[in-house]
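Below is one structure, written out as structure tokens, with a few remarks after it.
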Amino acid sequence: MKNHFVELPVVTGEGEFRARYSEKGLAGLSFPERRRPNGRKDISAAWGTAAGHGQLNRWHRLTQAALNRVLAGRAPGRLPPLDWSGATAFQKSVWRELLKLAPGVTRSYGQIAAAIGRPRAVRAVGGACGANPIPVLVPCHRVLAANQKLGGFSAGLAWKRKLLAREGVNGLSAE
DNA sequence: GACAGATGAAGGA
DNA sequence: TCCTTCATCTGTC
């Protein structure tokens with residue numbers, strides 16, 4: 001069967017993110033781009049039923065609230081259902097572990113690897129973080145390399161640094 | 001299968 | 001302390 005995706009803008013103080021929804025929940029989140037956003041797509045055409053439309057609006061409100069809270073350095077609170085279909089079991093276990101991290105709490109790739117029972121899969125954890133379709137809400141920015149180095153970030157280290165600073169994490173090594 | 005990667009640890013200068 | 005090298009594990013092509 002074919003999955004329908006709907007992309008909606010999420011307005012925050014940091015710019016306009018774009019949330020992508022499937023019929024199962026939030027499937028992706030993109031950082032603000034330089035280009036002017038397209039705005040809202042035709043929801044009714046993509047979504048079909050009125051019930052789905054109402055559900056989408058509910059999810060989107062949750063996403064907006066959660067995103068703004070995280071950007072303010074607070075816990076996201078209630079999240080919409082996350083659609084991780086297509087992800088591997090390993091990636092999901094990494095992302096589930098990330099969801100447990102409170103704001104301001106950081107872990108190294110090695111610690112995440114150990115937490116999911118694969119202490120030597122550190123590089124694979126990095127790969128899973130990079131494959132994370134829902135940055136910010138799945139806080140891959142709270143994963144640092146050893147020695148508090150920044151490591152990497154799919155959307156750019158500037159975002160990672162900014163997000164961590166909002167949560168009160170300072171003193172990061174320049175990397 | 002081969003290869004690359006958002007790592008980490010160890011060893012040498 | 002910094003730099004280089006290598007072991008390790010998973011995902012992707």
Side-chain angles (χ1 to χ4, degrees), chain A residues 1-5 7 10 12-35 63 66-76 79-175:
Chain A
M1 78 154 221
K2 197 165 114 186
N3 240 354
H4 290 136
F5 287 98
E7 198 167 284
V10 184
T12 75
E14 300 298 332
E16 193 167 284
F17 288 66
R18 289 149 72 105
R20 198 167 63 255
Y21 299 91
S22 73
E23 287 151 348
K24 296 178 192 165
L26 178 62
L29 187 68
S30 306
F31 281 84
E33 296 177 21
R34 284 254 192 84
R35 291 177 317 195
T63 301
L67 188 56
N68 277 293
R69 288 170 65 95
V70 173
L71 290 173
R74 307 201 313 250
L79 292 176
L82 304 180
D83 179 9
W84 285 342
S85 56
T88 66
F90 178 81
Q91 289 172 333
K92 290 182 204 171
S93 61
V94 170
W95 300 339
R96 264 197 299 273
E97 197 61 36
L98 296 184
L99 285 175
K100 295 180 191 170
L101 298 182
V105 176
T106 61
R107 291 282 184 273
S108 71
Y109 294 98
Q111 286 175 311
I112 296 295
I116 62 174
R118 298 175 188 272
R120 282 173 296 204
V122 286
R123 303 196 66 149
V125 168
C129 291
N132 172 21
I134 314 174
V136 184
L137 296 186
V138 177
C140 50
H141 60 278
R142 294 186 191 132
V143 187
L144 306 174
N147 304 322
Q148 298 296 102
K149 286 186 191 163
L150 268 182
F153 195 57
S154 54
L157 289 180
W159 272 109
K160 187 169 188 173
R161 193 182 285 277
K162 181 189 286 189
L163 289 168
L164 288 171
R166 290 288 165 81
E167 297 175 6
V169 179
N170 293 303
L172 298 168
S173 305
E175 184 69 17

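Model, not experiment: these values are computed from the prediction. Throughout, a chain's letter reflects where its sequence line sits, starting with A, and its residues are numbered from 1.
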Using a cut-off of 4.0 Å on non-hydrogen atoms, how would the nucleic acid contact of A:Thr88 be classed: base, sugar-phosphate, or nothing? sugar-phosphate
Compute whether any side-chain donor of one residue and acceptor of the other, for A:Thr12 and A:Asn68, lie under 3.5 angstrom apart. no
Paired nucleotide for C:dT8 [Watson-Crick or G-U wobble; both distances under 3.5 Å]: none
Earlier contact from the 5' end, DNA chain C, for A:Gln91 and A:Arg120: A:Arg120
When rounded to whole Å, the CZ to C1' distance for the pair A:Arg107 and B:dG8 reads 17 Å
Calculate the interatomic distance between A:Trp84 atom CH2 and C:dG11 atom C1'; express it in whole Å. 17 Å
Nucleotide B:dA9, atom P - distance to CG of A:Asn147 in whole Å: 8 Å
Nearest whole Å is fine: how far is B:dG8 P from A:Gln111 CD? 9 Å
Checking the side chain of A:Gln111 only, and the main-chain atoms of A:Ser108 only, is there a donor and an acceptor separated by less than 3.5 Å? yes
Checking A:Lys24 side chain against A:Pro81 main chain: does a donor-acceptor pair fall under 3.5 Å? no
So which of A:Cys140, A:Pro139, A:Pro135 actually passes side chain to side chain contact (heavy atoms under 4.5 Å, CB included) with A:Cys129? A:Cys140
Is there side-chain contact between A:Val70 and A:Glu167, with at least one heavy-atom pair below 4.5 Å? yes
Tell me, which of residues 122-132 of chain A have any heavy atom that sits under 4.0 Å from an atom in DNA chain C? A:Arg123, A:Ala124
Watson-Crick or G-U wobble partner of B:dA6, both distances under 3.5 Å: none
Between P of B:dA6 and CH2 of A:Trp95, the distance in whole Å: 15 Å
Measure centre to centre between the rings of A:Phe31 and A:Phe17, then say whether the value is under 6.0 Å. yes
Between P of B:dA6 and CZ of A:Phe90, the distance in whole Å: 14 Å
Would you indicate, yes or no, if B:dT7 has its OP1 or OP2 atom less than 4.0 angstrom from a side-chain nitrogen or oxygen of A:Ser108? no
Checking the side chain of A:Lys160 only, and the main-chain atoms of A:Val143 only, is there a donor and an acceptor separated by less than 3.5 Å? yes
Rounded to the nearest Å, what distance is computed from the CZ atom of residue A:Arg118 to the P atom of nucleotide C:dT8? 16 Å
To the nearest angstrom, how far is A:Tyr109 atom OH from C:dA7 atom C1'? 19 Å
